[in-house]
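Written out below as structure tokens is the structure these notes cover.
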Amino acid sequence: MKRKTWLIILGIIAVLIVVALLNFGKVMDLGMAMTDGMEHKDPTKEAAAFTLGADQLAAEFVANKEAANTKYMDKTILVNGKITDVQLPIITLGKVACTLDSAHMGNASSLAVGSDIKIQGQFVGYNDLLEEIDLSKCGIK
């Protein structure tokens, strides 16, 4: 009797797992459908909340990273400075790492270390380990 009960329970669990796996794609499609009509923020198309040099921005984080983090979080920043590294899609200006938006990658092929540049993007955080300021969804101005 116990064996029969366990077999029934295992059968029910197996059926539930199969049903869940078959419907996983539908659940994911529902999530995509819910966000499909939403307009996503494009910091390259809006006015910058702050315009400053990469060195000036880095100095604010050295002085008080908590205050700077609060000041710039999710804000659009236009940063200018010299390129210190290019590892596409990331362009580095000293301590500022700018991740280019895929729509702006075409402009990046001719970038060279040492060149002056203006990049606009959204501040997403400060990396304590690398002491690096991270901007995302960036575009070259």
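Since the structure is predicted, the reported quantities are computational estimates derived from the model, not experimental observations.
With E66 as the partner, the side chain to side chain contact (heavy atoms under 4.5 Å, CB included) test is satisfied by one option alone out of T70, N64, N69: N64.
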Open item on the list: Run the side-chain contact (heavy atoms from CB on, under 4.5 Å) test on E60 and L52 for me, step by step, so that the C-alpha distance in whole Å, both residues' side-chain angles and the decisive distance to 0.1 Å come before the verdict.
Closed with: CA-CA 11 Å; E60 286 191 49; L52 62 166; 3.8 Å; yes
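Listed for the K141 side chain is a donor-acceptor partner under 3.5 Å among the backbone atoms of T44. In terms of modelled atom types and a separation under 3.5 Å, the side chain of T99 and the main chain of S136 share no donor-acceptor contact. Using a distance-only test at 3.5 Å, with no hydrogens or angles considered, no donor-acceptor pair links the side chain of Q120 to the main chain of T76. No side-chain donor-acceptor contact under 3.5 Å links S115 to the backbone of I83.
With contacts defined as side-chain heavy-atom distances shorter than 4.5 Å, the pair N80/L93 does not qualify.
Within 6.0 Å of CG in D55 there are 12 or fewer heavy atoms belonging to other residues, nucleotides or ligands.
Considering only residues two or more places apart in sequence or on other chains, Y126 meets the ring pair (Phe, Tyr, Trp, His ring centres under 6.0 Å) condition with F61.
Under the 4.5 Å side-chain heavy-atom criterion for Ile, Leu, Val, Met, Phe, Trp and Tyr, L78 and F123 are members of distinct hydrophobic clusters. V124 and F50 fall into different hydrophobic clusters, where Ile, Leu, Val, Met, Phe, Trp and Tyr residues are linked whenever their side-chain heavy atoms come under 4.5 Å apart, directly or through other members.
Scanning both residues, P89 and M105, for their nearest heavy atoms gives CB-SD, 3.8 Å.
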